[in-house]
Amino acid sequence: DAAVRCGSRVGLDVARMVETSRGDPMVACYLRSSFPALLHFAYKYPDPTEGLLASANAGGENVARSTLLGALYGASTGVKGFREDLVTGLHDGAAITLEVDNFMAATAAARPPAPEL
C-alpha cells in the first residue's frame, strides 16, 4: 500500500498509527501533524468518497489535507474512482471539467514522446 510505503520512508508505521488511533485525526496545518494525518486517511479509506468525507468531517486543517488527498485518489483511480455526483454536482462543474480537460490536453501535447524500447 502506497501510504504504508510512504510513511515508512519518513519513519511512520501508518498501519499501526491507524490501528491504535481513537478515531480520525483533527490536526493543525503544521506538516509534522498534517502529513501523518493525510497518510492516515489514505490508508484507512481506500474509497475516495469515504476518505474525502472523513477528512472533511474530521475538522482541523481539512482544506489543504483534503485537497492533497483528492489529488492522491485522482492519481490512483482517475475520475472514475469518484462518485459521479461528486464530479457533476460541483458548482460550475462543467467549467471545471472543461478546464481540467484543457489542462490535460495541453500537458499531453507538450510531453515529449516516450522512447522506444
Side-chain angles (χ1 to χ4, degrees):
D1 181 78
V4 170
R5 288 191 311 271
C6 184
S8 70
R9 293 185 76 170
V10 294
L12 296 172
D13 184 344
V14 175
R16 180 168 163 65
M17 184 175 66
V18 170
E19 290 168 9
T20 60
S21 71
R22 295 184 181 154
D24 292 332
M26 180 183 76
V27 297
C29 61
Y30 306 107
L31 194 54
R32 283 188 188 262
S33 58
S34 62
F35 186 68
L38 169 72
L39 296 178
H40 169 100
F41 288 101
Y43 176 79
K44 184 175 178 182
Y45 300 99
D47 177 73
T49 300
E50 290 178 16
L52 290 169
L53 290 175
S55 178
N57 289 328
E61 176 45 68
N62 60 22
V63 175
R65 179 183 64 230
S66 297
T67 299
L68 184 51
L69 186 61
L72 291 175
Y73 284 132
S76 175
T77 67
V79 73
K80 290 179 175 42
F82 294 87
R83 263 187 8 216
E84 186 176 344
D85 64 305
L86 295 179
V87 177
T88 61
L90 291 171
H91 179 71
D92 290 331
I96 293 169
T97 299
L98 179 61
E99 185 72 24
V100 170
D101 289 345
N102 289 338
F103 173 77
M104 296 302 290
T107 302
R111 186 177 308 145
E116 291 187 34
L117 299 177

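Bear in mind the structure is a predicted one, so any value in this text is a computation, not a measurement.
- The cluster map of Ile, Leu, Val, Met, Phe, Trp and Tyr, joined by side-chain heavy atoms under 4.5 Å apart, puts F103 and V79 in different clusters.
- The two residues S66 and L52 make their nearest non-hydrogen contact at O-CD2, 3.5 Å.
- In the hydrophobic clustering of ILVMFWY residues, with side-chain heavy atoms under 4.5 Å counting as a link, L90 and L98 come out apart.
- Nearest heavy atoms, F82 versus T77: CE1-OG1, 4.2 Å.
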Can you check side chain to side chain contact (heavy atoms under 4.5 Å, CB included) on T88 and T97, steps first, answer last? CA-CA 9 Å; T88 61; T97 299; over 6 Å; no
Derivation and outcome, side chain to side chain contact (heavy atoms under 4.5 Å, CB included), residues C6 and F35: CA-CA 10 Å; C6 184; F35 186 68; 3.5 Å; yes
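- Distance alone, capped at 3.5 Å, is enough to place a donor-acceptor pair between the D13 side chain and the R16 backbone.
- Placement of L72 and V18 within a single hydrophobic cluster is found when ILVMFWY residues are connected by side-chain heavy-atom separations under 4.5 Å, directly or transitively.
- Cluster annotation: F41 and M17 are assigned to the same hydrophobic cluster (Ile/Leu/Val/Met/Phe/Trp/Tyr, side-chain heavy-atom contacts under 4.5 Å, transitive).
- When hydrophobic clusters are built by joining Ile, Leu, Val, Met, Phe, Trp and Tyr residues whose side-chain heavy atoms come closer than 4.5 Å, directly or via intermediates, V10 is grouped together with V14.
- The side-chain hydrogen bond (donor to acceptor under 3.5 Å, both in side chains) check on D24 picks up H40, K44, Y45, with sequence neighbours excluded.
- Remark: S34 pairs with no residue by the side-chain hydrogen bond (donor to acceptor under 3.5 Å, both in side chains) rule, at least two apart or across chains.
- Nearest approach of L69 to S55, heavy atoms of both residues: CD2-CB, 3.9 Å.
- Between D47 and Y73, the shortest heavy-atom distance links the atoms O-OH, 3.9 Å.
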For residues 56-64, dump all side-chain donor-acceptor pairs below 3.5 Å to protein atoms at least two apart in sequence or in another chain.
{"from": "N57", "atom 1": "ND2", "to": "L53", "atom 2": "O", "distance (Å)": "3.1"}
{"from": "E61", "atom 1": "OE2", "to": "V63", "atom 2": "N", "distance (Å)": "3.3"}
{"from": "E61", "atom 1": "OE2", "to": "A64", "atom 2": "N", "distance (Å)": "3.0"}
{"from": "N62", "atom 1": "ND2", "to": "A56", "atom 2": "O", "distance (Å)": "2.7"}

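- Listed here is the closest heavy atom pair of T49 and R83: CG2-NH1, 3.3 Å.
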